[in-house]
Amino acid sequence: MINSNVNALGIIFPNSYDSMVSDLVTERSMASIPFAGRYRMVDFILSSMVNCGIDNISLIVRKNYHSLMDHLGSGREWDLTRKNGGLNIVPPYAEKSVKIYDGRVEALASILTFLKSQKEKYVVMADTNIAVNFDLKALIDAHVKSGADVTMVYAQQELPVEMRTAPTESRDMYYTLDLDGDKVEKMRINSSLEGVQNVSMNIFIMDREMLIDQVGYAYVQGYIYFERDVLAHQLDKLDVRGYKYDGYFARISSMKSYFDENMKLLKDENLDGLFGANLIYTKIRDDNPTRYIAGAVARNIMAADGCLIEGEVENSILFRGVKIGKGAKVRNCVLMQDTVVEDGADVEYVITDKKVTISAGKEMKGTDTYPVFVAKNKRV
């Protein structure tokens, strides 16, 4: 790990965009959704913060946080077990001021006392719906050099269809930016425009004292959302800059995008784009290497440690401890931790949650546009 500290603390919001993958978050948050064989979504932004030297990181959780706390523990794998700073998980009702929040303003208002007591000059804030290996040191340097009040990270991409067409009542807000050079002139909320746009990655940096002032004022005014209620209405007063990210990232905005983004990692260029720059840290599970029994066939797969393969697997992501029985056929699947596909089963375009069992001889097939999902602990 990089040991040189930067003058910034990190704040992560683990429950943002939960509604977009409701099946995956019945017992967990967006932050603890398994991804890429052995990781959780939170690992990517958390590792990015640690790799740039941020060693004071808070996660303000809203609900379904047991899985996240189990995964993160004391923060040892990220070198965040420290006397000062380190990893700080803030659950609802941990203190009188910490309540179940709706938006980022309410979440930050619940930890204002904590923010006031810290020494770092800057605050880096991020959600966990994007898997990215981000050079936050470059972002901090660009922010300091520009003298901006707020710097927002964006990527140029077409908005996923599911983001543009989701029902309003079940849609989390997303933001696109109109830029003049690098200055943000306008923020569009839940844009339905087609074509390539400057889509916010929900990574921000700003001065800690300014954040305290802005959140304190917004909270007493009854505001809820930081981007919509604070930034969008003050673009003529605040110097808000955009920071373009050109690297690889995976944005989770639906079950289909979750499937697609996992499958993209079967291509070397995407795998290198996500893991090639700096290490991504995760919880260690001591297990044997994957074993391929005589007669097993494996083509274009990503298999984590602890797997046992006796059948045929192709174009699939296997998380830790997955077992594929004799004569079983698995194609184009994402199988989470400790899934068992028994002898002779035939599955294609299937996503299983943890500890699912596909019974011997069963056939289960989705399609590339609509993969079948099996919930945690189910036996089919």
S.K.: Which heavy atom of Asp18 sits nearest to which heavy atom of Ser29, and what is that distance?
M.R.: OD1-C, 3.9 Å
S.K.: Keeping Asn64 on the side-chain end and Val25 on the backbone end, is there a donor-acceptor pair under 3.5 Å?
M.R.: yes
S.K.: Taking the side chain as every heavy atom from C-beta outward, state whether Met125 and Leu108 have any atom pair closer than 4.5 Å.
M.R.: yes
S.K.: With side chain to side chain contact (heavy atoms under 4.5 Å, CB included) as the test, would you mind laying out the steps for Leu59 and Val42 before giving the verdict?
M.R.: CA-CA 10 Å; Leu59 290 91; Val42 70; 3.9 Å; yes
S.K.: For residues Ile33 and Leu274: do they belong to one hydrophobic cluster (side chain heavy atoms under 4.5 Å, members Ile, Leu, Val, Met, Phe, Trp, Tyr)?
M.R.: yes
S.K.: Report yes or no: does Asp229 contribute a side-chain atom to a donor-acceptor pair with the main-chain N or O of Tyr225 at less than 3.5 Å?
M.R.: yes
S.K.: Considering only heavy atoms from C-beta outward, does the side chain of Leu159 approach that of Tyr174 to under 4.5 Å?
M.R.: yes
S.K.: Tell me whether Arg104 is salt-bridged to Glu227, with the criterion being a basic N under 4.0 Å from an acidic carboxylate O.
M.R.: yes
S.K.: Minimum heavy-atom separation for Ser48 to Val132, with atom names?
M.R.: OG-O, 3.4 Å
S.K.: I'd like to know if the side chain of Thr282 reaches the main chain of Tyr39, judged simply by a donor and an acceptor atom lying under 3.5 Å from each other, with no hydrogens or angles considered.
M.R.: no
S.K.: Show your reasoning for whether side chain to side chain contact (heavy atoms under 4.5 Å, CB included) applies to Met152 and Leu231.
M.R.: CA-CA 10 Å; Met152 306 175 59; Leu231 295 184; 4.3 Å; yes
S.K.: Could you give me the CA-CA distance, side-chain angles and deciding distance for Arg331 and Glu314, then say whether salt bridge (Lys or Arg N to Asp or Glu O under 4.0 Å) is met?
M.R.: CA-CA 5 Å; Arg331 296 179 297 276; Glu314 183 176 1; 5.7 Å; no
S.K.: If only atom types and distance count, is the side chain of Tyr292 paired as donor or acceptor with the main-chain N or O of Gly295 below 3.5 Å?
M.R.: no
S.K.: Please identify which of these residues, Lys186, Arg188, Lys183, meets the side-chain hydrogen bond (donor to acceptor under 3.5 Å, both in side chains) condition with Asp178.
M.R.: Arg188
S.K.: Is Asp182 salt-bridged to Arg241, going by a charged N under 4.0 Å from an acidic O?
M.R.: yes
S.K.: In Å, rounded to the nearest 0.5 Å, how long is the span from CG of Asn129 to CZ of Phe13?
M.R.: 12.5 Å
S.K.: Salt bridge or not between Asp353 and Lys378? Use side-chain N to carboxylate O under 4.0 Å.
M.R.: no
S.K.: Minimum heavy-atom separation for Ala8 and Ile54, please, with both atom names.
M.R.: O-CG2, 3.7 Å
S.K.: Look at the side chain of Ser316 and the backbone N and O of Cys333, then say whether any donor-acceptor pair between them is shorter than 3.5 Å.
M.R.: yes
S.K.: So does Glu312 pair up with Arg299, basic N to acidic O under 4.0 Å?
M.R.: yes
S.K.: Under 4.5 Å between side-chain heavy atoms, hopping through other hydrophobics if needed: is there a path connecting Met263 to Met364?
M.R.: no
S.K.: With a 4.5 Å limit on heavy-atom distance, are the side chains of His71 and Asp43 in contact?
M.R.: yes
S.K.: Do Val350 and Val334 share a hydrophobic cluster (ILVMFWY, side-chain heavy atoms under 4.5 Å, transitive)?
M.R.: no
S.K.: Return the minimal non-hydrogen interatomic distance between Asp127 and Ser16, and the atom names on each side.
M.R.: OD1-OG, 3.0 Å
S.K.: Are any of the side-chain heavy atoms of Gln197 and Ser191 separated by less than 4.5 Å?
M.R.: yes
S.K.: Counting only heavy atoms not in Arg291 (residues, nucleotides, ligands), do more than 12 fall under 6.0 Å from its CZ?
M.R.: no
S.K.: Given side chains that start at C-beta, do those of Leu179 and Lys244 come closer than 4.5 Å, heavy atoms only?
M.R.: no
S.K.: Identify which one of Lys63, Arg228, Arg62 satisfies the salt bridge (Lys or Arg N to Asp or Glu O under 4.0 Å) criterion when paired with Asp102.
M.R.: Arg62
S.K.: Any side-chain to backbone donor/acceptor pair from Asn15 onto Val61? Under 3.5 Å, distance only.
M.R.: no
S.K.: Glu342 and salt bridge (Lys or Arg N to Asp or Glu O under 4.0 Å): which partner among Lys329, Arg379, Lys326?
M.R.: Arg379
S.K.: If you define the side chain from C-beta out and look only at heavy atoms, does anything of Phe319 sit under 4.5 Å from Leu335?
M.R.: no
S.K.: Can you name the closest pair of heavy atoms from Ala155 and Phe249 and give their distance?
M.R.: CB-CE2, 3.6 Å
S.K.: Can Asn51 and Asn278 be counted as having a side-chain donor-acceptor contact under 3.5 angstrom?
M.R.: no
S.K.: Report the relative orientation of the aromatic rings in Tyr349 and Phe259; use parallel for angles under 30°, tilted for 30 to 60°, perpendicular for over 60°.
M.R.: tilted
S.K.: Is any side-chain heavy atom of Thr352 closer than 4.5 Å to one of Val341?
M.R.: no
S.K.: Answer yes when Arg82 and Asp55 have at least one side-chain N-carboxylate O distance shorter than 4.0 Å, and no when they do not.
M.R.: yes
S.K.: Look up atom OG in Ser67 and atom CZ in Arg40, then write down how far apart they are to the nearest 0.5 Å.
M.R.: 4.0 Å
S.K.: Is any NZ, NE, NH1 or NH2 atom of the basic residue among Lys283 and Glu77 found under 4.0 Å from an Asp or Glu carboxylate oxygen of the other?
M.R.: no
S.K.: Looking at Gln234 and Val230, would you say the former's side chain and the latter's main chain have a donor-acceptor pair under 3.5 Å?
M.R.: yes
S.K.: Are Tyr370 and Val161 linked, directly or through intermediate hydrophobic residues, by side-chain heavy-atom contacts shorter than 4.5 Å (ILVMFWY only)?
M.R.: no
S.K.: What I'd like to find out is whether the side chain of Asn332 reaches to under 4.5 Å of the side chain of Asp368, using heavy atoms alone.
M.R.: no
S.K.: Determine whether a donor-acceptor pair (N or O, by modelled atom type, separation under 3.5 Å) exists between the side chain of Ser32 and the backbone of Arg28.
M.R.: no
S.K.: Look at the aromatic rings of Tyr243 and Phe134 and report parallel, tilted or perpendicular, splitting at 30° and 60°.
M.R.: tilted
S.K.: Under 4.0 Å between a Lys/Arg side-chain N and an Asp/Glu carboxylate O for Asp260 and Lys256?
M.R.: yes
S.K.: Linking I/L/V/M/F/W/Y whenever their side-chain heavy atoms sit closer than 4.5 Å, directly or via other members, would Leu9 and Val150 fall into one cluster?
M.R.: yes
S.K.: What is the distance from atom CD1 of Ile130 to atom CZ of Arg251, rounded to the nearest 0.5 Å?
M.R.: 4.0 Å
S.K.: Please round to the nearest 0.5 Å and tell me the distance separating atom CD1 of Ile45 and atom CE of Met49.
M.R.: 5.0 Å
S.K.: Which residue pairs pass the side-chain hydrogen bond (donor to acceptor under 3.5 Å, both in side chains) test with at least one member in residues 263-277, sequence neighbours excluded?
M.R.: Glu261-Lys264
S.K.: Give the intermediate values and the outcome of side chain to side chain contact (heavy atoms under 4.5 Å, CB included) for residues Leu265 and Phe35.
M.R.: CA-CA 10 Å; Leu265 296 178; Phe35 186 76; 3.9 Å; yes
S.K.: Please lay out, stage by stage, how Met41 and Tyr17 fare under the test side chain to side chain contact (heavy atoms under 4.5 Å, CB included).
M.R.: CA-CA 12 Å; Met41 289 298 293; Tyr17 300 96; over 6 Å; no
S.K.: Indicate yes or no for a side-chain donor-acceptor contact from Asn7 to the backbone of Lys121 under 3.5 Å, with no hydrogens or angles considered.
M.R.: yes
S.K.: Just how far is it from atom CG of Leu115 to atom CD of Glu120, taken to the nearest 0.5 Å?
M.R.: 10.0 Å
S.K.: Does Ser146 use its side chain to pair, donor to acceptor, with the backbone of His143 at less than 3.5 Å?
M.R.: yes
S.K.: For a quick test of reading the model, state the closest non-hydrogen atom pair linking Ser110 to Ile60 and the distance between them.
M.R.: OG-CG2, 4.3 Å
S.K.: Rounded to the nearest 0.5 Å, what separation is found between the OG atom of Ser58 and the CG atom of Leu87?
M.R.: 8.0 Å
